[in-house]
Amino acid sequence: MTINYSEKIPNNVDLANDRTLQRALEHWQPHFLQWWHEMGPTDFEKADVYLRTAISVDAQGWAHYGAVHMPDYRWGIFLADAVAERKIGFGDAMGQPVWQQVPGEYRSTLRRLIVTQGDTEPASVEQQRMLGHACPSLYDLRNLFQVNVEEGRHLWAMVYLLHAYFGRDGREEAEELLARHSGDPDKPRILSTFNEPMRDWLSFYCFTYFTDRDGKYQLKSFAESAFDPLSRTCRFMLTEEAHHMFVGETGIGRVIKRSLEVMKELGSDDPARIRAHGAIDLPTVQRYLTFWCSSSLDLFGSEISSNSAASFASGMKGRPDEEQYADHVLRSAVFPMALPGGKTEGVPMLNALNEVMRESYLKDCDIGVKRWNRLIERAGHDFRITLPSSRFRRSIGPWAGVPVDPQGRQISREEYERRLPEWIPSETDRAFIQSLMKRVAEPGKMAAWIAPPDRGINNLPVDYEYVKMH
Ligand SMILES: [Fe+2]
Ligand SMILES: [Fe+2]
C-alpha cells in the first residue's frame, strides 16, 4: 500500500473514505502543530534539515530524503501491510482470528496501554528540545531532529488508534497527550524516566540507547497483539525506531573512541587529564550508562504483575518475538524469581512477564556494550563497560528502595549512600559534561569530546551541511 501525500494528513489507511475520522484528525492536527511549535526543538523552525520521510511501508527503500523545515514535516498515519488470515499467536485465545475492533471487555485496558505508549513519544521531544543549541556537529544535529520528528509521528500513530477505535474517550485522551508535559509539576508525563531533564548530549545518546530500546521492546510486544490495527501500527514504528538506537549506539561509541584517542595522546588514563584535554573519561561514560540503564529498567514495570498476566492471557500484549518461545499459553509455567533477602520464589510465569521482557531487553543492551568494549580492548586498556544489575536503583517492584550495588549484591544502606556517587553521575560530573556543551555548527567539524562518525547519512559525506541555518 502506498502513502497518499496529496492529502492534508498523509496516510495509507484510506482516510478519505472515513469522513468522520478524517474530520476528527484534521481537528487535532493544528493542536499538534501548535504543540510542536511550543514544545518541539527551540529556534530551528526555519532551518533546512536533511530528513527522511516515509514514502511506503516496505522494508526496502521506504524513505525519501530531502531538506525540510521541521514544521512542514509530513507527519502521517502509516500501518504495516495486513497479514492475511492472521491468528492470535499467544494467550488463552491463541489460534482464533485477530481483532479488527476492540472487544468491549478489553477496551479500557487497551486504551490505557496505548495512552501510556503514546505519552512517551511527545515526552521525549520535550525532554530534548534544548539540545540543538549545544550540538557537537551538524551531523548529530540532524540525527536529533530526525529522532524528534519521528517521535512526533509515533504520537500520530497512537492518536490515530485512539480516534479510530475509542470514540469520544479516545479523542479526549488525544487532547491530553498534548496537555501533559515532561517535567511539568502539575501535569507531568506518565512515566518518570520521561520527566528526567536532558541537558547534555551524553544523556541524549544514553537515552536513545536505553530508553528508546525500552520503546523497541514495548513496540515488539504490541506487534504481537491480537488487536490487529495496534500490531500493524507498531510493526511500522519499529522500522523507524531502529535509527534511534543507531544514534545512541554510535554516539556512545564515538565518545569512547575519542576518549581512547586522547588517552593514547597523553599516555594516561587519568580522568582529570583527559577532562583537561576536553574529552570524557571512561568512568564518567560508565556512570551515565548506569544511570540511564537503571532508570529505563523501571519502565518494564513490577517483577510480579497481575496486569501483565491479564494483558498476555487476553491477547492484548505478547512477549517480544513471541515465536522464539515454545509455550505460548503459559498456564502451567513457573518463573524462579530472585527476591530481596536471598530468597528465590516460584512465580506463575504469566505474572512474571515484565521480568521476562526486562531480561531479554538487557541481553539486547549488551550487544552494544560488547562492541564498545572491543574498541577499548583493541586500544590496549583493561577498563570494561558493564551494565548494572536489574536490581540496582529500582523504584518499582520488590527491589524498589533496596540498597543494592550495580552487580546486584544487597549491601547496607550506609554503604549504598556513600558509594552512589561512584556509580551514577555526581554533580561534579554533570557540571563537567555541561561545560562541554558548546555548539559546533561548521560542516564536518566535531566537538573535541566526540569522534566523527564512520560515514554520513544516506551515502553523503560526513562534512555535508545536514542542517542549513537561516
Ligand atoms: Fe517512538
Ligand atoms: Fe524512538
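Order of listing sets the numbers, starting from 1, for every ligand and every atom in it.
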Original post:
With under 30° as parallel and over 60° as perpendicular, where do the rings of F32 and W156 fit, or are they tilted in between?
Top reply: perpendicular

Original post:
Got a sec, which residues hit side chain to side chain contact (heavy atoms under 4.5 Å, CB included) with N458, two or more places apart in sequence or on another chain?
Top reply: Y50, Y65

Original post:
Is the side chain of W372 donor-acceptor paired with the backbone N or O of I385 at a distance under 3.5 Å, no angle test?
Top reply: no

Subject >> Between F291 and W423, ring centroids under 6.0 Å >> reply: no

Original post:
Quick one: does R52's side chain get under 4.5 Å of E240's, heavy atoms only?
Top reply: yes

**OP:** Quick one: name the protein N/O/S atoms under 2.8 Å from the Fe ion (ligand 2), chain by chain.
**Re:** E151 OE2, D212 OD1, E241 OE2, H244 ND1

**OP:** Taking all non-hydrogen atoms of both residues into account, name the closest pair between P136 and Y205 and its distance.
**Re:** CG-OH, 3.7 Å

